[in-house]
Chemist: 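Please see the structure below; I have some questions.
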Amino acid sequence: MPNERRTSIARGSLLLNSFNEQQADQLLALSSWKTYDRGETLFLQSDPATTIHVVTDGWVKLYRIAPNGGEAVVSVFARGESFGEAVALRGAPYPVSAEAVTECEVMQIPAVALTDMMRRDPDTCVNVLASTFTHLHSLVSQLEQLKAQTGAQRVAEFLLDLTDTETGGCVVKLPYDKILIAGRLGMKPESLSRAFSKLKSAGVQIARNHAAIEDVGRLRTYSETDPAGAWNKSL
């Protein structure tokens with residue numbers, strides 16, 4: 001990936017987007033980029049958190065291993081998203097592990113670089129708080145989806161996030177395996193399969209790792225429909 005493109009993606013991330021140009025330039029100058037193959041580990045749970053990560057290409061999952069040995073997907077991050085800010089600024093161990101679920105590129109910001117900047121410039125603290133608030137708002141939105149949307153609607157929004165098309169039809173590639181998609185959306189794999197089947201009525205056809213969307217506007221309308229309306233009609 002050309003340097004200009006990856007720095008542009010980094011500048012537009014939730015973290016750096018809150019900083020002015022000079023502050024962003026300082027962090028970029030102190031950062032490094034690393035590429036990972038699919039399945040490669042970025043860090044493990046309980047490793048010391050010394051780095052803030054910004055995904056500039058590909059997908060990264062955060063997960064924990066449950067006492068029974070099962071894997072619980074905490075979140076999945078895509079291009080332009082950052083993670084690890086709060087724990088790195090506290091100097092605490094990572095509470096989760098991180099793994100590349102596709103080939104990916106990640107910008108790594110030394111936590112000490114950001115903390116030094118915060119000590120020198122109080123405005124930086126405000127910018128970090130703004131980024132933290134955005135992350136919190138994202139988590140609230142995820143909880144809202146779990147509570148207020150059906151599984152099929154959550155899958156519909158996931159597919160819509162994968163396309164830049166506003167109208168008409170398109171085909172999108174599913175970025176990772178369906179078990180991980182189910183984990184990200186708070187569903188069981190069998191529930192995901194049922195959701196895909198329900199989306200046929202909204203013009204979506206799944207073939208292996210591709211989704212053919214007949215009409216993006218129609219799918220968006222489906223994702224935004226209040227499910228309580230359908231429930232009330234059945235009463």
Side-chain angles (χ1 to χ4, degrees), residues 1-17 27-66 68-88 92-114 135 138 142 155 158-159 161-164 170-189 192-193 196 206-211:
M1 179 186 295
N3 287 343
E4 291 185 6
R5 184 185 174 198
R6 69 184 185 186
T7 54
S8 175
I9 294 170
R11 287 179 184 276
S13 67
L14 288 178
L15 178 61
L16 269 68
N17 190 46
L27 286 178
L28 286 168
L30 294 169
S31 300
S32 59
W33 275 263
K34 185 172 181 180
T35 57
Y36 295 89
D37 292 328
R38 179 179 180 179
E40 192 172 352
T41 297
L42 280 71
F43 55 79
L44 293 173
Q45 184 177 331
S46 299
D47 282 350
T50 59
T51 305
I52 299 164
H53 305 264
V54 180
V55 181
T56 54
D57 196 32
W59 297 75
V60 175
K61 72 174 179 181
L62 303 186
Y63 66 95
R64 290 177 63 90
I65 300 300
N68 63 2
E71 179 183 293
V73 177
V74 175
S75 189
V76 181
F77 292 89
R79 184 173 62 186
E81 296 180 322
S82 59
F83 57 92
E85 296 94 329
V87 66
Y94 288 115
V96 294
S97 298
E99 178 184 304
V101 293
T102 65
E103 291 184 1
C104 66
E105 181 184 58
V106 179
M107 185 180 81
Q108 299 179 332
I109 305 172
V112 65
L114 185 55
H135 275 300
S138 176
Q142 290 179 36
V155 175
F158 175 79
L159 295 177
D161 286 341
L162 295 177
T163 177
D164 296 326
C170 66
V171 176
V172 298
K173 181 179 180 180
L174 302 180
Y176 38 79
D177 64 69
K178 294 175 183 177
I179 292 177
L180 186 54
I181 293 173
R184 177 177 181 172
L185 298 177
M187 306 167 66
K188 294 182 180 298
L192 178 66
S193 296
F196 279 142
I206 304 296
R208 294 193 176 184
N209 62 337
H210 288 81

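Reckoned from all heavy atoms, side chains included, excluding hydrogens, waters and symmetry mates.
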Chemist: Which residues pass the ring-ring contact (aromatic ring centres under 6.0 Å, His included) test with F43, sequence neighbours left out?
Modeler: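 F43 satisfies ring-ring contact (aromatic ring centres under 6.0 Å, His included) with H53, Y94 only.
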Chemist: Rounded to the nearest 0.5 Å, what's the gap from CD1 on I181 to CG on L174? Could you check?
Modeler: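 Going from the CD1 atom of I181 to the CG atom of L174 covers 4.5 Å.
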Chemist: Using 0.5 Å steps for rounding, measure from the CD1 atom of I52 to the OG atom of S13.
Modeler: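 Here the rounded value is 10.5 Å.
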Chemist: What distance do R208 atom CZ and K173 atom NZ have between them, rounded to the nearest 0.5 Å?
Modeler: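 One finds 12.5 Å between CZ of R208 and NZ of K173.
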Chemist: State which residue, out of R6, R5, R79, K34, fulfils the salt bridge (Lys or Arg N to Asp or Glu O under 4.0 Å) condition with E105.
Modeler: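 It is R6; the other options fail the test.
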Chemist: Which heavy atom of L16 sits nearest a heavy atom of A10, and at what distance?
Modeler: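 Heavy atoms of L16 and A10 come nearest at CB-O, 3.4 Å.
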Chemist: Verify the neighbour count for atom CD of Q45: are there more than 12 heavy atoms of other residues, nucleotides or ligands below 6.0 Å?
Modeler: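 Counting neighbours around CD of Q45, more than 12 heavy atoms of other residues, nucleotides or ligands fall under 6.0 Å, so yes.
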Chemist: Considering non-hydrogen atoms only, spot the tightest contact between P110 and S31 and give its length.
Modeler: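 Minimum heavy-atom separation between P110 and S31: CD-CA, 4.3 Å.
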Chemist: Using a 4.5 Å cut-off on heavy atoms from C-beta on, say whether the side chain of L42 contacts that of T51.
Modeler: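 Side chain of T51 against side chain of L42, heavy atoms only: no contact under 4.5 Å found.
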Chemist: Do you know the tightest heavy-atom contact between L159 and A211?
Modeler: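 Result for this residue pair: CD2-CB, 3.9 Å.
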Chemist: Does the side chain of E85 reach to within under 4.5 Å of the side chain of L114, using non-hydrogen atoms?
Modeler: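 No, too far: nothing below the 4.5 Å cut-off.
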Chemist: Around atom CG of D161, are there more than 12 heavy atoms of other residues, nucleotides or ligands at under 6.0 Å?
Modeler: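 Check passes, neighbour count above 12.
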Chemist: So do the side chains of T41 and S97 get within less than 4.5 Å of each other, counting heavy atoms only?
Modeler: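 They are not in side-chain contact.
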Chemist: Is there a side-chain contact between N209 and D177, using heavy atoms and a 4.5 Å cut-off?
Modeler: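 No, too far: nothing below the 4.5 Å cut-off.
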Chemist: If every non-hydrogen atom of A98 is compared with every non-hydrogen atom of V60, which pair is closest and at what distance?
Modeler: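 For A98 and V60, the tightest heavy-atom pair comes out as CB-CG1, 4.2 Å.
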Chemist: Go through the structure and list residues passing side-chain hydrogen bond (donor to acceptor under 3.5 Å, both in side chains) with Q108, not counting sequence neighbours.
Modeler: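 Partners of Q108 by the side-chain hydrogen bond (donor to acceptor under 3.5 Å, both in side chains) criterion, ordered by chain and then number, come out as Y36.
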Chemist: Side chain of S75, backbone of L62: donor and acceptor closer than 3.5 Å?
Modeler: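 Checking the backbone N and O of L62 against the side chain of S75, no donor-acceptor pair under 3.5 Å is found.
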Chemist: How about I179: does its CD1 atom have over 12 heavy atoms from other parts shown lying under 6.0 Å from it?
Modeler: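 Result for CD1/I179: open.
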Chemist: To the nearest 0.5 Å, tell me how far W33 CH2 sits from L28 CG.
Modeler: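 If we round to the nearest 0.5 Å, W33:CH2 and L28:CG are 5.0 Å apart.
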Chemist: Would you compute the distance between atom CG of L185 and atom NZ of K178 and round it to the nearest 0.5 angstrom?
Modeler: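 Reported value, rounded in 0.5 Å steps: 13.5 Å.
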Chemist: Grab the two heavy atoms, one from Y63 and one from L44, that are nearest each other, plus how far apart they are.
Modeler: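 Shortest heavy-atom separation between Y63 and L44 comes out as OH-CD2, 4.5 Å.
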Chemist: Work out which heavy atom in T163 is nearest to a heavy atom in C170; give both atom names and the distance.
Modeler: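 So the minimum-distance heavy-atom pair works out to OG1-SG, 3.6 Å.
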Chemist: Find out whether E40 and C104 are in side-chain contact, i.e. whether some heavy atom of one side chain is under 4.5 Å from a heavy atom of the other.
Modeler: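 No. Closest side-chain heavy atoms not under 4.5 Å.
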